[in-house]
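Atom set for the values below is all heavy atoms of this structure, side chains included, hydrogens, waters and symmetry mates excluded.
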Amino acid sequence: MTNTKIVATLILLLFCLPAIAGEPLDAVIRDLHVHGYASPVNAVARLRDAGPPSVASPLAERQRYYAAIGRYASLEPQDGMDALVKEAVAQLGSMASKEACATCEIDLTLIHAQSAMARRDIDASSRALDVADSLADGATKEQQQWWHYLKARLARFRGRLDQGVAEALPAAHLAEQLGYSGDQVSALSLLIAINAYMDAHTRAEEVGREAFTIAKRLNNRRLMAEVQLNLGFSYIRSKQSAKQLEALNNALAITEGDPTLVGIRTNTLSNLSDYWLSNSDWAQALSYAERAVELSRSMDDRAVLIFALTNQGVARAHLGQVQAGVADVQAAIEITRSLGMNNDEAEVTNELVRIYERAGRYREAYEKLRSIEALRQEATRQVRDKAVMELQEKYSTEKREHEIERLAGANRIKEAELVAQTWQWRLWAALAVTLALAGLVLLQWLGRVRNANRRLSGDVAVLAEQSSHDPLTHAFNRRQGQILLTHHTEAARAALPGAMPVVGLMLLDLDFFKLVNDTHGHAAGDKVLVTVAQRLSGLLRSHDAVVRWGGEEFLLVLPNIRLDALAMLAGRVLHAIGSEPIDIGNQTITVTASAGCVASPFGNITKMETLVELADLALYHAKATGRNCAICVGGAEPDLDMATLGQDLAIANAAGVVRMDTVQGPPKLDNGSRNAPETTMASP
């Protein structure tokens, strides 16, 4: 062989080595984060093909390998994977103790947490995450993302939906920052289920569309099926039957014949059972539920078994097998208790109550209702948690603002291209005046660019509108409302003594709004919210503001209103809402509202956020005194103690510290509403 051939052969071998050895470890790890994994087994196989590093390999390389092996092997509790988890934990523990690797210790605690969660040992998972919390200051962004995601999953299991939102949002945000699209979809998919449990179905659908778009772009069947399953769960709870069936059939089709997706398939079968229950086809519902029970038991997945057993029990009860149905649902309740899944315990127990009621066993139904009263109150508190609403609004707003910046950047690029191209054409025109036809082409091109710029400017304007307005009602959103409050607070502080501007605040809450959703569906609830917002906007002055403050809460910000006019306006507002029925399609319903009113300055209080809290106290006093009324608070003493006032508004009124005026709403009309249809359990 000549020297030239030897050199050529060596070069060829050098370039072929990476292909022979398999994918580089860092490339595999990043690809699993970016594109997701087909199954934990497949992910682990790819990592092992990349080759475990040697003892002499750099610490960072060894840590990344064993952290990744532990992360994906701990997703499924089975013998082969458990051995890999133990090896990864041992190696990371050794690196932490012998080589002072602090981030190795974080990895092994997160692996412990995920492994315990996969075994449904929620207490052990919680203890591991507590350890991770104490180490979090030194965590990398990748570790922080995983940590937030696991805490969100734990919160969802525990029924702490407010905490679940607070952890899932940063998990999704960090994944997006890192470019880890697969991890981002997993966090968003979890957020769909949490929002569905909180009955925030518009938000769940919005997040679901975003997640499925990303999953489809990644062409990851597991992620696509997971998103469709959770969307189906949201549609179940919002009683959108057609969308529910479409989403669940999509999930079933994606999982067809794929043994790695059996867990998602089992959940889908359980939810399809719920669909047939809601359509009163008890035999079909039982068939799907029995298949789901069989699969969940074969996987030894107790969390999935809860919902399959519940639906099986409800179907059996409807088919006359009441005692068998009761036994199934009671077994499901015991599993929720053993796993500490409080929110699910309340949901499943409610199904048992319905079975008892249908069977005429009212004493047992009442006892079960009493047993879950505390759980239901806590769930209601979490749904109304304003901090959670603000957090989700902030996340959505940041995404819209990011999109505005992107479009604005594209607009600037177009303008720069226009300038550059224009100068080029001028130079050519100077050199070749005979190219008149080229000038015509230039004019046409400029017209197209201007049209594109106008479209981009329109997109920016639309997104700017979205960042300040609620997408459903087109009232100002909470973020914009807080900006208005800050503006009025600053104006009050800057005013001269005696010249402080008066600003009225009226906080409204629709009475029994949850009953509208439960009885008529969330589409009807949305129609009610839109109509109420329109009636409020039509009633107020052009410089007043209608803010959607929460789910069914509206805040009216009313500059330059006379103090004596605030109570009069409250009466007009209550009549505008409650005196005319609202058309929801096949019928009309009448809703009423309760309100709390206050005006700034109030005693020595000028901070608007504090006055909103006072309006909130007045609102709840209005609800406690019968609803369909407004409580207007005034007559504050100069040295008013807000802390004392917040303890009991009625006592403050009786003591003469403040004055409360009650404004009654219109006489209540008969809605002619139907009984709410029975609901059934489904699994996220």
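No salt bridge links Arg302 with Asp300; every basic N to acidic carboxylate O contact stays at or beyond 4.0 Å. One finds a salt bridge joining Asp518 and Lys514 here, because a Lys/Arg side-chain nitrogen approaches an Asp/Glu carboxylate oxygen to under 4.0 Å. Using a 4.0 Å cut-off between a side-chain N of Lys or Arg and a carboxylate O of Asp or Glu, Lys151 and Asp130 do not qualify as a salt bridge. Electrostatic pairing of Asp301 and Arg120 counts as a salt bridge here, judged by a charged N lying under 4.0 Å from a carboxylate O. In this structure, Glu167 does not pair ionically with Arg153, as no charged nitrogen and carboxylate oxygen lie closer than 4.0 Å. With salt bridges taken as basic N to acidic carboxylate O contacts below 4.0 Å, one links Lys623 and Asp511.
The OG atom of Ser186 sits 13.5 Å away from atom OH of Tyr180, with the distance rounded to the nearest 0.5 Å. Taken to the nearest 0.5 Å, the CD atom of Glu206 stands 11.0 Å off from the CG atom of Leu472. In this structure, CZ in Phe512 is found 8.0 Å from OG in Ser594, a value given to the nearest 0.5 Å. Note that CD of Glu345 and OG1 of Thr336 are 4.5 Å apart. Values are rounded to the nearest 0.5 Å. Going from atom CG of Leu510 over to atom CZ of Arg627 covers 11.5 Å, rounded to the nearest 0.5 Å. Atoms CE and OG1, from Met224 and Thr255 in turn, are 11.5 Å apart once rounded to the nearest 0.5 Å.
Looking at Glu334 and Val329, their side chains never come closer than 4.5 Å, going by heavy atoms from C-beta outward. By the 4.5 Å heavy-atom criterion applied to side chains, Phe513 and Asn517 are counted as neighbours. Counting heavy atoms from C-beta outward, Leu619 and Glu553 have side chains that approach closer than 4.5 Å. Counting heavy atoms from C-beta outward, Leu84 and Glu87 have side chains that approach closer than 4.5 Å. Leu154 is listed as a side-chain neighbour of Ser126, based on a closest heavy-atom distance under 4.5 Å. At least one side-chain heavy atom of Asp133 sits under 4.5 Å from a side-chain heavy atom of Trp147. The shortest side-chain heavy-atom distance between Leu277 and Trp282 falls under the 4.5 Å cut-off. Put simply, the side chain of Arg222 does not reach to within 4.5 Å of the side chain of Thr260, judged on heavy atoms.
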His522 and Lys239: side chain to side chain contact (heavy atoms under 4.5 Å, CB included), yes or no, with the steps?
CA-CA 7 Å; His522 284 264; Lys239 299 181 176 61; 5.9 Å; no
Test log, rule side-chain hydrogen bond (donor to acceptor under 3.5 Å, both in side chains), inputs Asn230 and Ser189
CA-CA 7 Å; Asn230 284 340; Ser189 185; 2.8 Å; yes
For Leu269 and Leu252, run side chain to side chain contact (heavy atoms under 4.5 Å, CB included): C-alpha distance rounded to whole Å, both residues' side-chain angles, the deciding distance at 0.1 Å, then the answer.
CA-CA 8 Å; Leu269 290 169; Leu252 203 63; 4.1 Å; yes
Applying side-chain hydrogen bond (donor to acceptor under 3.5 Å, both in side chains), run through Ser287 and Arg291 and close with a yes or a no.
CA-CA 7 Å; Ser287 173; Arg291 290 161 63 189; 5.0 Å; no
Could you go through the side chain to side chain contact (heavy atoms under 4.5 Å, CB included) check for Ser234 and Asn195 one step at a time?
CA-CA 8 Å; Ser234 178; Asn195 274 296; over 6 Å; no
Test Tyr356 against Leu352 for side chain to side chain contact (heavy atoms under 4.5 Å, CB included), laying out the working first.
CA-CA 6 Å; Tyr356 282 143; Leu352 184 57; 3.6 Å; yes
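Partner of Gln244 under the side chain to side chain contact (heavy atoms under 4.5 Å, CB included) criterion, out of Ile236, Asn249, Leu272, Asn271: Ile236 alone.
Contact between Leu218 and His35 at its shortest, heavy atoms only, is CD2-CD2, 3.8 Å. Taking every heavy atom of both residues into account, Ala331 and Leu309 meet most closely at CB-CD1, 4.1 Å. The two residues Leu191 and Val165 come nearest to each other via the heavy atoms CD1-CA, 4.2 Å. Taking both residues in full, the closest heavy atoms of Pro40 and Tyr37 are given as N-CD1, 3.8 Å, listed atom of the first, atom of the second, then distance. Contact between Leu108 and Leu92 at its shortest, heavy atoms only, is CD2-C, 3.9 Å. Contact record, Ala289 with Asn311: CB-C, 4.1 Å, taken as the closest heavy-atom pair.
Ring geometry, Trp276 versus Tyr288: the interplanar angle falls under 30°, so the pair is classed parallel (tilted spans 30 to 60°). Taking the six-membered ring for Trp and thresholds of 30 and 60 degrees, His33 and Tyr72 have ring planes inclined between 30 and 60 degrees apart.
At least one donor-acceptor pair under 3.5 Å links the side chain of Gln144 to the backbone N or O of Ala139. Arg221 places a side-chain N or O within donor-acceptor distance of the main-chain N or O of Ile254, the cut-off being under 3.5 Å. With hydrogens and angles ignored, the 3.5 Å screen pairs a side-chain donor or acceptor of Arg548 with a backbone N or O of Gly550. Without hydrogens or angle criteria, Ser115 side chain to His112 main chain gives no donor-acceptor distance under 3.5 Å. The backbone N or O of Arg71 sits less than 3.5 Å from a side-chain atom of Ser74, completing a donor-acceptor pair. Checking side-chain atoms of Ser338 against main-chain N and O of Ile335 turns up a donor-acceptor pair under 3.5 Å. Listed for the Asn220 side chain is no donor-acceptor partner under 3.5 Å among the backbone atoms of Lys216. No side-chain donor-acceptor contact under 3.5 Å links Asp328 to the backbone of Thr310. Checking side-chain atoms of Arg478 against main-chain N and O of Trp549 turns up a donor-acceptor pair under 3.5 Å. No side-chain donor-acceptor contact under 3.5 Å links Ser125 to the backbone of Ile122.
Tyr235 and Glu246 form no side-chain donor-acceptor contact under 3.5 Å, judged by distance and modelled atom types alone. Between the side chains of Tyr197 and Arg156, at least one donor N or O sits under 3.5 Å from an acceptor N or O. A donor atom on one side chain and an acceptor atom on the other are not found under 3.5 Å apart for Gln91 and Tyr65.
Within a 6.0 Å sphere centred on CZ of Arg361, heavy atoms belonging to other residues, nucleotides or ligands number more than 12.
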